[in-house]
Amino acid sequence: MDAATRPVPVRLRRPGWRDPRLIVGVLLIAIAVAGTALLLRSADRTEPVYAARHALAPGAVLEPADLVVVDVRVGDGYAEPDALEPWGMTVTRPVGAGELVPVAALAEPADFDGRPVAVSVSQPLAEGVVPGALVDVWLTPADGTASRRIGEALPVSAVDEDTGGFAAGEETVYVVVPSAEVGALLDALADEGAIAVLGSG
């Protein structure tokens with residue numbers, strides 16, 4: 001191989017700080033670090049939201065004593081103090097004690113379609129029949145015919161016990177009934193017979 005065809009050695013040069021490849025690499029590393037830091041920061045971020053201080057039944061009109069503010073990591077859809085003033089709004093579905101309050105569970109009173117109906121029972125109530133629980137109402141006719149369910153999966157708004165007078169020991173369960181079903185339930189309650197309120201399901 002003569003000198004004319006012999007390859008000329010090329011000396012590799014160390015990239016300088018102005019090398020575009022070096023600049024792009026540094027930028028990619030900086031973006032990755034910033035993205036990771038932002039992701040970790042958002043994962044640790046908490047937001048103040050309302051939670052039920054006690055069980056809330058459908059039809060309850062919210063007052064300050066009903067709710068507490070807690071800081072939690074949650075998504076959208078819950079009542080936030082900075083975005084919603086819930087006082088005077090009506091609860092539309094049962095909300096358990098300590099449960100975060102969904103915005104979808106609140107409505108203006110005029111938009112709530114439930115009505116409380118008093119159901120008097122003479123036998124002791126089951127332990128789970130409390131405000132916020134879902135119950136079925138059963139009628140056992142006085143003529144001895146088979147018991148029938150006259151109300152299904154109705155939320156309990158309140159429970160009262162009459163401890164005095166001739167009806168001592170009788171309890172009254174207030175259930176929330178859709179407006180269109182109130183008449184039928186009242187007609188059934190007017191029949192002679194024993195009324196029982198049991199946990200639904």
query: Atom CG in Leu185, atom CG in Leu154: separation rounded to 0.5 Å?
result: 7.0 Å

message: The test is side-chain contact (heavy atoms from CB on, under 4.5 Å); show your working for Val70 and Val68 and say whether it passes.
response: CA-CA 6 Å; Val70 295; Val68 294; 4.3 Å; yes

message: Can you confirm whether Leu134 sits close enough to Pro94 that some side-chain heavy atom of one is under 4.5 Å from a side-chain heavy atom of the other?
response: yes

- prompt: Could you state the interatomic distance from CG (Leu186) to CD1 (Ile150), rounded to the nearest 0.5 Å?
  reply: 9.5 Å

Min side-chain heavy-atom separation Val72-Thr46 under 4.5 Å: no

message: Quick check on Tyr78: does its OH atom have over 12 non-hydrogen neighbours (other residues, nucleotides or ligands) under 6.0 Å away?
response: no

task: Measure across Leu139 and Ala188 and return the closest heavy-atom pair with its distance rounded to 0.1 Å.
output: CD2-O, 3.7 Å

task: Check whether Val156 and Val182 end up in the same hydrophobic cluster, where Ile, Leu, Val, Met, Phe, Trp and Tyr are linked by side-chain heavy atoms less than 4.5 Å apart.
output: yes

task: Test Leu198 against Trp138 for side-chain contact (heavy atoms from CB on, under 4.5 Å), laying out the working first.
output: CA-CA 8 Å; Leu198 308 174; Trp138 290 81; 3.9 Å; yes

message: A side-chain contact here means heavy atoms from C-beta on lying under 4.5 Å apart; do Phe112 and Val176 qualify?
response: yes

Sub-4.5 Å side-chain heavy-atom contact between Met89 and Pro109: no

- request: Enter the distance from Asp66:CG to His54:NE2 here, rounded to the nearest 0.5 Å.
  value: 4.0 Å

Straight-line distance of Leu106 CG to Asp111 CG, nearest 0.5 Å: 12.0 Å

query: With side chains defined as the heavy atoms from C-beta onward, is the minimum distance between Leu67 and Arg53 less than 4.5 Å?
result: no

query: Quick check: does any side chain N or O of Thr92 sit under 3.5 Å from a backbone N or O of Ala105, one acting as donor and the other as acceptor?
result: yes

task: Determine, stepwise, if the pair Leu62 / Val91 fulfils side-chain contact (heavy atoms from CB on, under 4.5 Å).
output: CA-CA 7 Å; Leu62 291 179; Val91 179; 3.8 Å; yes

- prompt: Under a 4.5 Å cut-off applied to non-hydrogen side-chain atoms, are Val129 and Glu171 in contact?
  reply: no

- request: State plainly whether one hydrophobic cluster holds both Val49 and Val101, where clusters connect Ile, Leu, Val, Met, Phe, Trp and Tyr through side-chain heavy atoms under 4.5 angstrom apart.
  value: no

message: Rounded at 0.5 Å granularity, tell me how far CG in Asp143 sits from CG in Asp191.
response: 9.0 Å

query: If you draw a 6.0 Å radius around CG in Asp76, do more than 12 non-hydrogen atoms from other residues or ligands fall strictly inside?
result: no

message: If I take atom CZ from residue Arg73 and atom CD from residue Glu47, how far apart are they, to the nearest 0.5 angstrom?
response: 11.5 Å

field: Atom of Ser157, atom of Ala57 and distance for their closest heavy-atom approach
entry: CA-CB, 3.4 Å

statement: Of all heavy-atom pairs linking Ile195 and Ser120, the shortest is CB-O, 3.7 Å

query: What heavy-atom pair brings Gly98 and Ala51 nearest, and what distance separates the two atoms?
result: O-CB, 4.0 Å

message: Can you give me the closest heavy-atom contact between Ala52 and Gly96, atom names plus distance?
response: CB-O, 3.4 Å

Minimal non-hydrogen separation, Ala118 against Leu189, with atom names: O-CD1, 4.0 Å

- prompt: Should Thr172 and Val119 count as side-chain neighbours, where that means a heavy-atom distance under 4.5 Å?
  reply: no

message: Could you see if Trp87 belongs to whatever hydrophobic cluster contains Val95? Use Ile, Leu, Val, Met, Phe, Trp, Tyr and a side-chain cutoff under 4.5 Å.
response: yes

task: Treating Ile, Leu, Val, Met, Phe, Trp and Tyr as nodes and any side-chain heavy-atom pair under 4.5 angstrom as an edge, say whether Val159 and Val121 lie in one connected cluster.
output: yes

task: Look at the side-chain heavy atoms of Ile, Leu, Val, Met, Phe, Trp and Tyr, link any pair under 4.5 Å apart, and say whether Tyr174 and Leu56 land in one connected group.
output: no

task: Please check if the side chain of Asp136 supplies one atom and the backbone of Ala153 the other of a donor-acceptor pair under 3.5 Å.
output: yes

